[in-house]
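Quick note: numbers below take in every heavy atom, side chains included, and nothing from hydrogens, waters or symmetry partners. Just so we're clear, the structure is a prediction, and the values are computed from it rather than from any experiment. Numbering of residues begins at 1 and proceeds along the displayed sequence.
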Amino acid sequence: MSKPRRPKKVVKFRKRKKINIGTLIFLMIAAYVVLFVVYSTKKTPMSIYEVVEENLFRDMTVTGVITREETLYYTPESGYVNYYLRAGSRVKKNASVYSLDANRSVYDMLGGTGEITLTAQDIAEVKRVISSFQGKYTATNFSSVYDLKEDLTIKVGEISDNNLLDQMQDLVDSTGISNGFRFVSAERSGVVSYTSDSLDGLTTESVNSSTFSKEEFTSTSLRSSKQYMAGEPVYKLISSDTWQIVCPVSMEQYMELKDRTSLKFMVKKDDFKFRAPVEFALRGSDYYMVLTLSRYGTNYLNDRFLELEILLSEDKGLKIPKTAVTTKEFFLIPLRYFTVGGDSNDTGLYTVSYSAQTGEPEYQFAAAEIYYQDEEFAYVDKESFLPQTTIYCSDTQETMPLAQIATLEGVYQVNRGYAVFRRIERVDENGDYVVVAKGTSRGLSVYDHIALNAENVVDESIIY
């Protein structure tokens, strides 16, 4: 009898699960979205500003008083005066300035009351006076016609007296007429002026608020055909080319300008522009700005007060928010250490290391991009070298560690999706904005995109 068969033991194996590519891609996308959302909620939002160009014509107007080294001279005795120098002429010491004719005999013998001959230069000067008047005359300022009359009278008087200069001495020598007649010479060299006012002899230190009281100010021409009495002022001598304009300024103007060492100005009466060094002073409760000049003084011999426009900026610049401005540190390296080497024409530095076996110095060229340079130093990104790296100058055999640090002011440009530091040079600032120069090395251009808030940016970081 046969034994019954045992049932076969069946072992079931789990089927290997197949990876669904579609599911995997979906899970990866879902994880990325979740991570991006979480990261976005923690990240400070990046605001972008587009750089724009701006015309800069901001200015302010002040009125200044002129001070200069001036001396008023007086007639030694009574008589009629004949001048030999035009206003603004430079006279040497002991040169004749005018003659004094006690009874007018010499002047009459020369036909001083008759016609005069105008040279081409004389005519050109008269035309210049008239042309200057025409350029500024308006119907609302008709009183300036009287100023023109006075200017022309003075100019013709100068021409007339100068025509007598070459004849006067010859007449005295040929006729022997000398009784009551004399030439008067300059006691020192300088520039001649024939305008006197109530502020003659004013010094920079003595200027105060009462100086600018126009009600008490008077001015007069010293040239006249009348008989001068002994002791009357006859001419003024400016003995130095250096002169000053002292301008009262408000506290707001003082706070804005006090750090400036020079400014550009325009004289409103003739639109003349110039740049001058400036100093600021507080006298009591009053603020003053003092301009010091060594040229152009003869242009304003007849003036005591000048209205000036301070031209803070008059060019085109790039306007950026102040919040975009930051600073970045660089290695400050003397220019003499830079050389061209390696396998290319790259500019760089030789670094120094020492052999572990021999202790001898080993030199290796490393390319170094100069971010900015002045007359003596170059600025190199601190990320280019480790601190205290020793560099070598092949010309002088010097070595030095990279330790000197300097900062540059700039913004973060984000045109390509990551932050790049760009250097700026301030031209002006106004309110919440800074105006920077165009065309600077490693600088900005119109329509560049920059980070609005520099404090939220990491250098070279990806921003989107």
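- Atom CG in L306 sits 11.5 Å away from atom CZ in F265 (nearest 0.5 Å).
- For S445 (side chain) and D448 (main-chain N/O), no donor-acceptor pair under 3.5 Å exists by modelled atom type.
- Looking at E425 and V427, their side chains never come closer than 4.5 Å, going by heavy atoms from C-beta outward.
- Residues S96 and L85 share a closest heavy-atom pair of O-CD1, 4.0 Å.
- Looking only at side-chain heavy atoms (C-beta outward), Y412 and V420 stay at 4.5 Å or farther from each other.
- Using a 3.5 Å distance cut-off with no hydrogens or angles, the side chains of S206 and T203 do pair a donor with an acceptor.
- The closest donor-acceptor contact from the side chain of E232 to the backbone of M229 lies under 3.5 Å.
- Ion pairing of E409 with R426 is present here, as a side-chain N (NZ or NE/NH1/NH2) and a carboxylate O approach within less than 4.0 Å.
- Y288 and V207 make their closest contact through CE2-CG1, 4.2 Å (heavy atoms, listed as atom of the first residue, atom of the second, distance).
- R90 has a carboxylate O that lies under 4.0 Å from a charged side-chain N of D241, or vice versa, which qualifies the two as a salt bridge.
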* Step-by-step side chain to side chain contact (heavy atoms under 4.5 Å, CB included) determination, M266 to D271 -> CA-CA 6 Å; M266 183 179 74; D271 295 336; 4.0 Å; yes

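- Side chain of D374 to main chain of F377: a donor-acceptor pair is present (N/O by atom type, distance under 3.5 Å, no hydrogens or angles).
- With F305 as the aromatic partner, K214 meets the cation-pi criteria of under 6.0 angstrom to the ring centre and within 45 degrees of the ring axis.
- Across all their heavy atoms, P248 and V62 have their closest contact at O-CG1, 4.3 Å.
- The backbone N or O of A230 sits less than 3.5 Å from a side-chain atom of S78, completing a donor-acceptor pair.
- Under a cutoff of 6.0 Å and an axis angle of 45°, K319 and Y433 form a cation-pi pair.
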* To do: Evaluate side-chain hydrogen bond (donor to acceptor under 3.5 Å, both in side chains) for T67 paired with T204, printing each intermediate quantity in order.
  => CA-CA 6 Å; T67 64; T204 301; 2.9 Å; yes

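- Taking the six-membered ring where the residue is Trp, the centroids of F272 and Y296 are separated by under 6.0 Å.
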* To do: Go through E329 and T407 one step at a time and tell me if the side-chain hydrogen bond (donor to acceptor under 3.5 Å, both in side chains) criterion holds.
  => CA-CA 4 Å; E329 291 186 339; T407 59; over 6 Å; no

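- Note that CD1 of I238 and OG1 of T298 are 10.5 Å apart. Values are rounded to the nearest 0.5 Å.
- The backbone N or O of V411 sits nowhere less than 3.5 Å from a side-chain atom of T326 that would complete a donor-acceptor pair.
- Around the NZ atom of K93, the shell of radius 6.0 Å holds no more than 12 heavy atoms that belong to other residues, nucleotides or ligands.
- Residues K328 and D381 are paired through a salt bridge, judged by an N-O separation under 4.0 Å between the basic side chain and the carboxylate.
- Judged by distance alone, the side chain of Q227 and the main-chain N or O of Y80 form no donor-acceptor pair under 3.5 Å.
- Using a 4.0 Å cut-off between charged nitrogen and carboxylate oxygen, R304 and D197 count as a salt-bridge pair.
- Checking Y392 against Q397 by side-chain atom types alone, a donor-acceptor pair falls below 3.5 Å.
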* Test side-chain hydrogen bond (donor to acceptor under 3.5 Å, both in side chains) applied to N302 and T195, step by step -> CA-CA 6 Å; N302 297 333; T195 299; 2.6 Å; yes

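- For Q373, the CD atom sits in a packed shell: over 12 heavy atoms of surrounding residues, nucleotides or ligands are nearer than 6.0 Å.
- The neighbour count for R283 CZ, taken as heavy atoms of other residues, nucleotides or ligands under 6.0 Å away, is above 12.
- Under 4.0 Å is where a charged nitrogen must lie from a carboxylate oxygen, and between R336 and E398 at least one such pair does.
- For the atom pair L199 CG and I66 CD1, the distance stands at 11.0 Å (nearest 0.5 Å).
- For the pair Y74 and V234, the tightest heavy-atom approach, listed with the atom from each and the gap, is C-CG1, 4.0 Å.
- Side-chain contact between V52 and L318: absent, with no pair of heavy atoms (C-beta onward) separated by less than 4.5 Å.
- Of the possible polar contacts, none joining the T61 side chain to the E309 backbone as a donor-acceptor pair under 3.5 Å is found.
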* Start with the C-alpha distance between F280 and Y287, add both sets of side-chain angles, then the distance that settles ring pair (Phe, Tyr, Trp, His ring centres under 6.0 Å), and finish with yes or no. => CA-CA 7 Å; F280 293 88; Y287 296 93; 9.4 Å; no

* To do: Give the intermediate values and the outcome of side chain to side chain contact (heavy atoms under 4.5 Å, CB included) for residues E187 and Y73.
  => CA-CA 9 Å; E187 296 181 10; Y73 289 90; 3.5 Å; yes

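- Across F331 and L402, no two heavy atoms sit closer than the pair CE2-O, 3.6 Å.
- The main-chain N or O of Q253 is never found under 3.5 Å from a side-chain atom of E256 such that the two would form a donor-acceptor pair.
- Within 6.0 Å of atom CZ in F217, more than 12 heavy atoms from other residues, nucleotides or ligands are found, so the atom counts as buried in its surroundings.
- Looking at F274 and L293, their side chains come closer than 4.5 Å, going by heavy atoms from C-beta outward.
- Contact check for L444 versus I424: side-chain heavy atoms found under the 4.5 Å cut-off.
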* Applying side chain to side chain contact (heavy atoms under 4.5 Å, CB included), run through L301 and V191 and close with a yes or a no. => CA-CA 9 Å; L301 285 180; V191 174; 3.8 Å; yes

* **Test log, rule side chain to side chain contact (heavy atoms under 4.5 Å, CB included), inputs T323 and L452** => CA-CA 6 Å; T323 56; L452 180 61; 3.9 Å; yes

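- Less than 6.0 angstrom separates the ring centroid of Y350 from the ring centroid of F365.
- Remark: L72 CG to K236 NZ distance equals 7.0 Å, nearest 0.5 Å.
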* Take S99 and Y84, measure what side-chain hydrogen bond (donor to acceptor under 3.5 Å, both in side chains) needs, and give me the verdict at the end. => CA-CA 8 Å; S99 63; Y84 303 135; 2.5 Å; yes

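- Distance check: I245 CD1 to Y300 OH gives 8.0 Å after rounding to the nearest 0.5 Å.
- Taking the six-membered ring for Trp and the full ring otherwise, the centers of Y379 and Y371 sit at least 6.0 Å from each other.
- When all heavy atoms of R422 and G443 are compared, the pair lying nearest together is CD-O, 3.8 Å.
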